[in-house]
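First the structure, in the form of structure tokens, and then the observations on it.
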Amino acid sequence: MENFPVINMESLNGEKRAITMDKIKDACENWGFFELVNHGIPPEMMDTVERLTKGHYKKCMEQRFRELVASKGLEYVQKEVHDLDWESTFHLKHLPESNIFQIPDLDDDYRKVMKEFAVKLEKLAEELLDLLCENLGLEKGYLKNAFHGSNGPTFGTKVSNYPPCPKPDLIKGLRAHTDAGGIILLFQDDKVSGLQLLKDGQWVNVPPMRHSIVVNLGDQLEVITNGKYKSVLHRVVAQTDGNRMSIASFYNPGSDAVIYPAPVLVDREAEEASEGTYPKFVFEDYMKLYAALKFQAKEPRFEAMKAMESSPNLGPIATA
């Protein structure tokens, strides 16, 4: 198995740019994941985010998680659990409106740095989308515009902790799934591993690396690129030792954005034969379907949206 793709963003400035763009292209086409170093987010900020995230878990969430585990008898399960995950989470919304001041129990310092961190991640996500446009032969800004809808993109963060698990063979930290949205930027623990992706039928570890940002592609980019880039199944394997921190930020289309394959990436003949093309839909409609089917294969979701597209009751999607 070849090495997990690591992209040094500083190499985009100078004579190594073409090689680096090729590495990004290969990662998007063959992995659906890559890891960024020298991405422009200050290491000191990341250290503060990590320290305050771990402190918040200890102070506000650890006991709640223990009580949940005890109430469900999870420490004593004898067979594989398929309906829940060994994780403790909360969600922050950034765009179109922030909820960071509505989340209880967050210290002021923590709110402040998470707000600053989100601004940096938003900028990085948009920079990455333009790099993808360049590799795809799309005009600069195409993907950002495709995500825009009437109120701009949806952007939020899932803050997770994966505590030590006594039965990691029976309970997943997070069950296998593809991500529904656009582009996902992950700041993960650099000491405790667990994130894996499926490549060529094998589960591959995403290596923990200090101050890196792991990037993966969601279902919407698969649709817009007409399958040239694909979202990839991934999971979190619970560990018996160590508490793994995961801060995943999702740069997604706006709820009313109409998603469809970029015309320049659609083969004309295949389109006429209605083969190999992806559906056209409103992002919010896809998310409603995804909410019920997250841990199932993505292909039936695409087929369901295609069926909805051809339905006479579709309404605005058919004419958008």
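Keep in mind it's a predicted model, so treat the numbers as computed, not measured.
- Summarising the local packing, CG of D108 is surrounded by 12 or fewer heavy atoms from other residues, nucleotides or ligands at distances under 6.0 Å.
- Identified under the side-chain hydrogen bond (donor to acceptor under 3.5 Å, both in side chains) test for residues 88-102, with sequence neighbours left out: H94-T157.
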Show your working on side chain to side chain contact (heavy atoms under 4.5 Å, CB included) between D256 and F283 and close with a plain yes or no. CA-CA 6 Å; D256 66 349; F283 179 60; over 6 Å; no

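- Within 6.0 Å of the NZ atom in K228, the count of heavy atoms belonging to other residues, nucleotides or ligands does not exceed 12.
- With hydrophobic clusters built from ILVMFWY side chains whose heavy atoms lie under 4.5 angstrom apart, L198 does not share a cluster with V204.
- Here Y142 contributes atom OH and L136 contributes atom CG; the two are 10.5 Å apart, rounded to the nearest 0.5 Å.
- Environment of NZ in K58: sparse, with no more than 12 heavy atoms of neighbouring residues, nucleotides or ligands closer than 6.0 Å.
- When the side chains of ILVMFWY residues are joined at heavy-atom separations under 4.5 Å, either directly or via intervening members, F101 and F90 end up in a single hydrophobic cluster.
- Counting all heavy atoms, side chain and backbone alike, A257 lies closest to A146 at CB-O, 3.8 Å.
- Side chain of N161 to main chain of M245: no donor-acceptor pair is present (N/O by atom type, distance under 3.5 Å, no hydrogens or angles).
- Of the listed residues (Q188, E87, Q239), just one forms a side-chain hydrogen bond (donor to acceptor under 3.5 Å, both in side chains) with R244, and that residue is Q188.
- E15 CD: 12 or fewer foreign heavy atoms inside a 6.0 Å radius.
- Without hydrogens or angle criteria, S212 side chain to L36 main chain gives no donor-acceptor distance under 3.5 Å.
- Once rounded to the nearest 0.5 Å, the distance linking OG1 of T225 with CG of L138 reads 9.0 Å.
- A donor-acceptor contact shorter than 3.5 Å links the side chain of N8 to the backbone of E10.
- When each of N30, L132, L265 is checked for a side-chain contact (heavy atoms from CB on, under 4.5 Å) with Y229, only L132 meets the rule.
- No donor-acceptor pair closer than 3.5 Å links the side chain of W86 to the backbone N or O of V237.
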Does the side chain to side chain contact (heavy atoms under 4.5 Å, CB included) test come out yes or no for L124 and M9, once each step is laid out? CA-CA 11 Å; L124 180 58; M9 290 197 71; 3.8 Å; yes

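- Residues F33 and K199 fail the side-chain proximity criterion, which asks for heavy atoms closer than 4.5 Å.
- Within the 3.5 Å criterion, the main-chain N or O of D107 finds no donor-acceptor partner in the side chain of H56.
- Hydrophobic clustering, with ILVMFWY side chains joined whenever heavy atoms are under 4.5 angstrom apart, keeps M209 apart from F4.
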Should N252 and Q220 be marked as a side chain to side chain contact (heavy atoms under 4.5 Å, CB included) after you check the CA-CA gap, both sets of side-chain angles, and the distance that decides it? CA-CA 8 Å; N252 291 345; Q220 307 310 302; over 6 Å; no

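- One finds the CZ atom of R235 at 11.0 Å from the CG atom of L174 (value rounded to the nearest 0.5 Å).
- Heavy-atom minimum distance, V282 versus S255: CG1-O, 3.3 Å.
- For K72, the NZ atom counts as loosely surrounded, since its 6.0 Å shell holds 12 or fewer non-hydrogen atoms of other residues, nucleotides or ligands.
- In this structure a side-chain-to-backbone donor-acceptor pair under 3.5 Å is missing from N216 to G32.
- Between C28 and L217, some side-chain heavy-atom pair lies under the 4.5 Å cut-off.
- L129 places a side-chain heavy atom less than 4.5 Å from the side chain of Y251.
- Here the side chains of F34 and L128 are in contact, with some heavy-atom distance below 4.5 Å.
- Scanning both residues, P253 and G182, for their nearest heavy atoms gives CD-N, 4.2 Å.
- Side-chain N or O atoms of E134 include none that pairs as donor or acceptor with a backbone N or O of K140 at under 3.5 Å.
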Just distance, no hydrogens or angles: give the donor-acceptor pairs under 3.5 Å from side chains in residues 110-117, sequence neighbours left out.
| from | atom 1 | to | atom 2 | distance (Å) |
| --- | --- | --- | --- | --- |
| Y110 | OH | T53 | OG1 | 2.8 |
| R111 | NE | L106 | O | 3.4 |
| R111 | NH1 | I100 | O | 2.6 |
| R111 | NH1 | I103 | O | 2.9 |
| R111 | NH2 | I103 | O | 3.2 |
| R111 | NH2 | L106 | O | 3.1 |
| K112 | NZ | E116 | OE2 | 3.0 |

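- H234 places a side-chain N or O within 3.5 Å of a backbone atom of H177 that can act as its donor or acceptor partner.
- V206 and V37 are assigned to two separate hydrophobic clusters, defined by single-linkage of ILVMFWY side chains at heavy-atom distances under 4.5 Å.
- Hydrophobic cluster membership is shared by M61 and V159, with clusters built from Ile, Leu, Val, Met, Phe, Trp and Tyr side chains linked at under 4.5 angstrom.
- Taking CD1 of I183 as the reference point, atom CZ of F250 lies at 12.5 Å (rounded to 0.5 Å).
- Contact check for V232 versus W31: no side-chain heavy atoms found under the 4.5 Å cut-off.
- Across K298 and S231, no two heavy atoms sit closer than the pair NZ-O, 2.6 Å.
- The list of salt bridge (Lys or Arg N to Asp or Glu O under 4.0 Å) pairs with a residue in residues 202-216, not counting sequence neighbours, reads D47-R210, D190-R210.
- Between the side chain of D189 and the main chain of K191, a donor-acceptor pair closer than 3.5 Å is present.
- Nearest heavy-atom pair across L185 and L121 is CD2-O, 3.7 Å.
- Inter-residue side-chain proximity for K167 and V81 is flagged as unmet; no heavy-atom pair is nearer than 4.5 Å.
- Each of E122, E139, E126 was compared with K144 under the salt bridge (Lys or Arg N to Asp or Glu O under 4.0 Å) criterion, and only E126 meets it.
- One finds the CE atom of M21 at 10.0 Å from the CD1 atom of I7 (value rounded to the nearest 0.5 Å).
- A donor atom on one side chain and an acceptor atom on the other are not found under 3.5 Å apart for Y57 and N243.
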Step by step, would you call D105 with R64 a salt bridge (Lys or Arg N to Asp or Glu O under 4.0 Å)? CA-CA 13 Å; D105 305 328; R64 279 182 231 160; 2.7 Å; yes

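- One finds the CD1 atom of I259 at 9.0 Å from the CG atom of L221 (value rounded to the nearest 0.5 Å).
- For the pair L131 and R17, the tightest heavy-atom approach, listed with the atom from each and the gap, is CD2-NH2, 4.0 Å.
- Remark: side-chain polar atoms of R301 are paired, donor with acceptor, to backbone N or O of L293 under 3.5 angstrom.
- More than 12 non-hydrogen atoms from other residues, nucleotides or ligands lie less than 6.0 angstrom from CG of D169.
- Under a 4.0 Å N-O distance rule, the pair K54/E50 qualifies as a salt bridge.
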